[in-house]
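Each remark here refers to the structure printed beneath this line.
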Amino acid sequence: MIQFVKVLSALALALIVGGSALAQEYVKGEVLKVDTKQKKLTIKHEALTNLDMPAMTMVFVVAEDGMLKKVKSGQAIEFTADRVNGRITVTGIK
């Protein structure tokens with residue numbers, strides 16, 4: 001029973017932390033700049049409906065440092081973004 005509660009607690013935490021990214025649709029964009037020092041990406045993107053934001057070019061922070069290694073300037077990507085600690089953040093890239 002204790003093991004079941006631990007697994008259930010871990011699942012609940014995973015949904016709280018990452019659940020919003022799972023429910024979001026990926027949006028097409030183009031990486032214009034990768035700033036590894038500031039841990040930011042400049043992306044020209046389609047409308048982000050979950051953030052009620054029209055298509056534009058803007059700078060995002062990334063949820064995980066490893067995301068910066070996945071992309072390069074000029075690369076077409078699909079990504080998700082959300083507000084994390086008050087900052088608009090890239091939460092997933094494929």
Side-chain angles (χ1 to χ4, degrees):
M1 182 65 172
I2 293 173
Q3 184 65 19
F4 176 74
V5 171
K6 286 182 181 179
V7 170
L8 191 57
S9 296
L11 180 59
L13 180 61
L15 289 173
I16 290 168
V17 172
S20 61
L22 295 175
Q24 293 175 15
E25 292 184 28
Y26 279 83
V27 174
K28 292 180 181 177
E30 178 185 354
V31 177
L32 301 180
K33 182 179 177 183
V34 179
D35 184 342
T36 54
K37 288 184 181 181
Q38 297 292 319
K39 301 178 183 179
K40 295 180 181 179
L41 294 174
T42 303
I43 303 173
K44 180 178 179 181
H45 62 82
E46 296 179 338
L48 295 166
T49 55
N50 65 309
L51 295 170
D52 197 27
M53 183 179 297
M56 66 175 74
T57 299
M58 65 177 291
V59 178
F60 295 85
V61 294
V62 293
E64 299 173 7
D65 295 350
M67 292 178 175
L68 297 168
K69 296 176 184 174
K70 290 183 175 182
V71 298
K72 61 183 178 181
S73 295
Q75 181 178 349
I77 61 169
E78 292 186 35
F79 71 103
T80 56
D82 206 350
R83 290 191 192 279
V84 178
N85 298 323
R87 300 177 79 185
I88 299 176
T89 304
V90 173
T91 55
I93 297 175
K94 65 175 182 175

Inset, instruction - Taking all non-hydrogen atoms of both residues into account, name the closest pair between Ala63 and Thr89 and its distance. - result: N-CG2, 3.4 Å
Legend entry - ILVMFWY cluster, Val59 and Val62 together (side-chain gap under 4.5 Å): no
Legend entry - Atom of Gln75, atom of Lys72 and distance for their closest heavy-atom approach: OE1-N, 2.9 Å
Inset, instruction - Report the residues that fulfil side-chain contact (heavy atoms from CB on, under 4.5 Å) with Glu64, sequence neighbours left out, ordered by chain and then residue number. - result: Met67
Legend entry - Criterion side chain to side chain contact (heavy atoms under 4.5 Å, CB included) on Ile77 and Lys70, from CA distance to verdict: CA-CA 10 Å; Ile77 61 169; Lys70 290 183 175 182; over 6 Å; no
Inset, instruction - Report the hydrophobic cluster partners of Val84, with the cluster defined as I, L, V, M, F, W, Y residues connected by side-chain heavy atoms closer than 4.5 angstrom, directly or transitively. - result: none
Legend entry - Lys94: side-chain contact (heavy atoms from CB on, under 4.5 Å) partners, not counting sequence neighbours: Tyr26, Glu78
Without placing hydrogens or testing angles, list every side-chain donor-acceptor pair under 3.5 Å for residues 30-50, not counting sequence neighbours.
residue : atom : partner : partner atom : Å
Asp35   : OD1  : Lys37   : N            : 3.2
Asp35   : OD1  : Gln38   : N            : 3.0
Lys39   : NZ   : Asp65   : OD2          : 3.4
Glu46   : OE1  : Lys28   : N            : 3.4
Asn50   : ND2  : Ala81   : O            : 2.8

Inset, instruction - Sequence neighbours left out, what pairs pass ring pair (Phe, Tyr, Trp, His ring centres under 6.0 Å) with at least one residue falling in residues 73-94? - result: Phe60-Phe79
